[in-house]
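Throughout, a chain's letter reflects where its sequence line sits, starting with A, and its residues are numbered from 1.
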Amino acid sequence: MNEDPNKTRELTRAERLYRLRHSCAHIMAQAVQEIFPGASLAIGPPIQDGFYYDFDLPRPLTDEDLTEISKRMNKIVAGNHRFVRKVLPREEARRFFEERGQGFKVDIINRIPEGEEVSIYESDRLVDLCAGPHARYTKKCKNFKLLSVSGAYWRGDETGPQLQRIYGTVWPTKKELEQYLELREEAKKRDHRKLGKELGLFWFHPWSPGSAFWKPKGTTLYQTLEEHWRKSHKEAGYLEIRNPIIYNKALFETSGHWDHYKENMFTMESHGQEFAMKPMNCPDTMLYYKSELHSYRDLPLRVSEGGLLHRNEKPGTLSGLTRVRQFTQDDAHVFVRPDQIESEIGEIIGLIDRTYSLFEFELKLFFATRPDNYMGELEKWDRAEAQLRRALEASGKPFKVNAGDGTFYGPKIDFYVRDSLGRDWQTATVQLDFQLPERFELTYIGKGNRPERPVVIHRAVYGSFERFIAVLVEHLGGAFPTWLAPVQARVMALTDEINGYAREVAAILRQSGLRVEVDDRSEKIGYKIREAETQKIPYMLVVGGRDRDAGVVDVRTYSEGRRGTMTPRDLAAEMLQKVQDQTFDVKLKKVDLWKDEDVLEIDMEGRGF
RNA sequence: GCCGGCGUAGCUCAGUGGUAGAGCAACUGAUUCGUAAUCAGUAGGUCGUAGGUUCAACUCCUAUCGCCGGCUCCA
């Protein structure tokens with residue numbers, strides 16, 4: 001028996017969670033095998049907030065099965081068995097698992113590089129192929145909960161055997177488990193699909209699956225974000241264009257999408273020509289560039305286009321606003337000389353940073369460098385990556401390097417935003433592209449009066465408006481800051497008699513350009529307040545006889561509650577100031593269980609099984 | 001596309017072989033009220049769609065569409 005080499009030093013929280021979760025997966029595997037004696041085990045790694053294990057089972061699992069598995073797990077935990085590590089000679093290990101019908105394990109052993117140890121872990125009645133490490137005793141895994149069952153493929157291969165995956169979570173303390181489960185509940189409440197319906201923002205219809213229908217309030221939200229996008233991009237020197245969305249396939253043959261992305265495009269035939277709806281803005285923005293002659297003095301040329309995009313995503317992958325077939329990217333392409341990469345990247349990082357700080361998102365930057373299948377000249381890559389790195393360093397923002405994670409056409413920076421519930425979303429992106437300029441034979445006239453090739457920078461700040469709105473709705477729990485709220489104020493008359501004054505107040509605010517509703521129904525004020533609160537309207541204005549006589553409104557805000565009276569003009573001035581400053585007047589409820597451990601970086605490749 | 005679950009009134013949901021139910025919303029009337037739900041009445045569904053089994057189907061079977069949890073994909 002080998003002692004754990006890390007035992008002598010203090011483990012980090014991430015390491016402890018890794019062991020705990022991995023161990024809990026083993027316990028679950030034993031429980032499943034007790035119920036289904038022939039069940040073969042695939043892989044069971046820890047993941048960011050729990051673990052899963054994939055099984056090949058004779059029948060689909062039900063919720064009742066999960067209850068039964070949990071019960072058995074509790075017994076194994078209570079037995080407080082020790083996790084014992086053993087190293088086996090490769091042949092012996094192979095025979096061991098073959099005899100037990102554990103073909104997946106044999107497959108794994110066959111893939112373990114020669115020279116590496118093959119180890120197994122025993123706990124109670126389970127013996128599993130496993131690199132470890134593990135908790136020392138099963139009792140550590142007391143605070144677990146099984147969450148869901150789903151399908152999965154062996155090695156993620158669609159053509160391979162279909163397995164059943166059970167997800168679960170486990171935490172060092174009962175309190176943390178409870179917090180985590182509360183977090184899940186909170187996330188459910190804030191689900192943008194639920195809030196989108198409740199707040200009247202958007203809806204879906206089966207006759208256009210994967211495409212949102214925006215209601216008036218959602219449209220206002222969308223347009224307000226668009227206005228902000230337009231304004232901030234004008235300030236940053238971008239020129240906006242409007243291109244078609246349907247193209248002859250020749251465009252995509254030139255860009256390379258026809259070969260590599262055709263299955264994801266909507267195509268149609270008309271008058272003997274084959275057309276496709278564009279899945280991204282880059283190819284046709286190249287056409288724009290080519291429509292004019294460019295001098296090196298014109299660069300960087302910043303061209304933005306919020307074109308309507310369509311991608312024919314597989315039916316089973318669609319989900320709310322985060323996975324759609326029709327969407328708009330806040331896209332732009334910057335054409336630069338190779339020597340301008342660094343400064344332009346710096347500009348873009350600044351723009352992205354300013355935008356996300358408006359909503360109190362935390363940004364994380366990942367620098368993805370040259371992959372193995374890269375195209376183009378190595379030297380070009382090296383110089384560009386060096387520039388990207390300098391721009392990142394100059395931004396003063398911390399970043400991580402994902403070596404080899406870049407695209408084949410260029411290195412990139414991915415931005416992840418961490419929302420108020422501690423979840424990370426990939427949104428903004430900055431990608432260098434050496435290939436498109438080649439394919440479209442883009443040139444500018446250089447200093448030496450000879451054509452030279454520009455570099456293209458693809459970049460998006462929000463990502464897509466649809467996805468960003470989904471993230472924003474969940475981040476804010478549907479309570480938007482005043483500048484963004486579809487309805488900024490609702491005037492509520494105390495009695496029918498005051499309705500006239502309520503409309504006057506609304507008119508004053510509307511003249512300032514504010515979005516105002518009047519609730520003139522014959523309902524009690526408590527009822528009206530309640531409804532305005534559930535709609536998360538930033539300003540709720542109560543007017544009664546007293547207020548009318550004094551020429552004021554009684555102000556209640558979503559973020560601060562009841563505030564007292566003020567005149568409609570003072571109120572309009574306050575609200576306009578907030579609109580202009582894009583004030584974040586939202587009380588953000590933050591829950592972040594991951595704050596210390598950061599992203600659990602778990603290597604699921606190789607031997608993390 | 002794959003595995004599993006689900007689809008009943010505008011919304012949230014109950015109804016498991018015998019000709020559809022609640023709450024909220026809507027509409028009508030009463031009430032005129034000071035910061036998170038006033039009362040009463042009325043109306044509203046060919047139970048996702050198409051077939052099939054049955055004397056009889058929301059209920060069972062098949063197909064199909066959509067949604068949900070995942071997988072896969074993500075130039």
Exercise. At under 4.0 Å between heavy atoms, what does Gly544(A) touch on the DNA or RNA strands: base, sugar-phosphate, or nothing?
Worked result: base

Please work out if Arg193(A) contacts a base, only the sugar-phosphate, or nothing of the nucleic acid, heavy-atom cut-off 4.0 Å. sugar-phosphate

Report the nucleotide, chosen from [options], that has the shortest atom-to-atom distance to any side-chain atom of [X].
X: Lys197(A); options: G34(B), U12(B), G4(B); result: U12(B)
X: Ile529(A); options: C71(B), U31(B), A36(B); result: A36(B)
X: Thr534(A); options: U35(B), C73(B), A36(B); result: A36(B)
X: Asp496(A); options: U72(B), U32(B), C71(B); result: U32(B)
X: Tyr153(A); options: U35(B), A37(B), U72(B); result: U72(B)
X: Leu494(A); options: C67(B), U38(B), G34(B); result: G34(B)
X: Ala152(A); options: A37(B), C71(B), C68(B); result: C71(B)
X: Gln162(A); options: C73(B), C3(B), U38(B); result: C3(B)

Atom [atom1] of [X] and atom [atom2] of [N]: how far apart are they, to the nearest Å?
X: Leu163(A); N: U72(B); atom1: CG; atom2: C1'; answer: 13 Å
X: Phe204(A); N: C6(B); atom1: CZ; atom2: P; answer: 23 Å
X: Glu531(A); N: U35(B); atom1: CD; atom2: C1'; answer: 14 Å
X: Met492(A); N: A36(B); atom1: CE; atom2: C1'; answer: 11 Å

Kindly assign one of parallel, tilted or perpendicular to the pair Phe252(A) and Tyr247(A), based on the angle between their ring planes and the thresholds 30° and 60°.
perpendicular

Margin query: Is the ring pair Tyr409(A)/His458(A) parallel, tilted or perpendicular, if the boundaries are 30 and 60 degrees?
Written below: tilted

Taking C27(B) as the reference, what is the distance to C3(B) when you measure between their P atoms (whole Å, please)? 46 Å

Nucleotide paired to [N] in any strand shown, Watson-Crick or G-U, under 3.5 Å:
N: G17(B); value: none
N: U38(B); value: A30(B)
N: A50(B); value: U62(B)
N: C73(B); value: none
N: G45(B); value: none
N: G10(B); value: C24(B)

- Can any side-chain N or O of Arg311(A) pair as donor or acceptor with the backbone N or O of Arg325(A) at less than 3.5 Å? no

Is Tyr261(A) side chain donor-acceptor paired with the C74(B) base, going by distance under 3.5 Å alone? no

Is it the case that the base of C73(B) and the side chain of Arg323(A) share a donor-acceptor contact (distance under 3.5 Å, atom types as modelled)? yes

Exercise. State whether Arg556(A) and Asp554(A) are salt-bridged, where the test is any N-O pair (Lys NZ or Arg NE/NH1/NH2 against Asp/Glu carboxylate O) under 4.0 Å.
Key: no

Does Arg521(A) pair with Glu531(A) as a salt bridge, N-O distance under 4.0 Å? yes

Taking the six-membered ring of Tyr374(A), is NZ or CZ of Arg370(A) closer than 6.0 Å to its centre and within 45° of its axis?
yes

> Under 4.0 Å: is that the gap between some side-chain N or O of Tyr167(A) and OP1 or OP2 of C71(B)?
Replying inline: yes

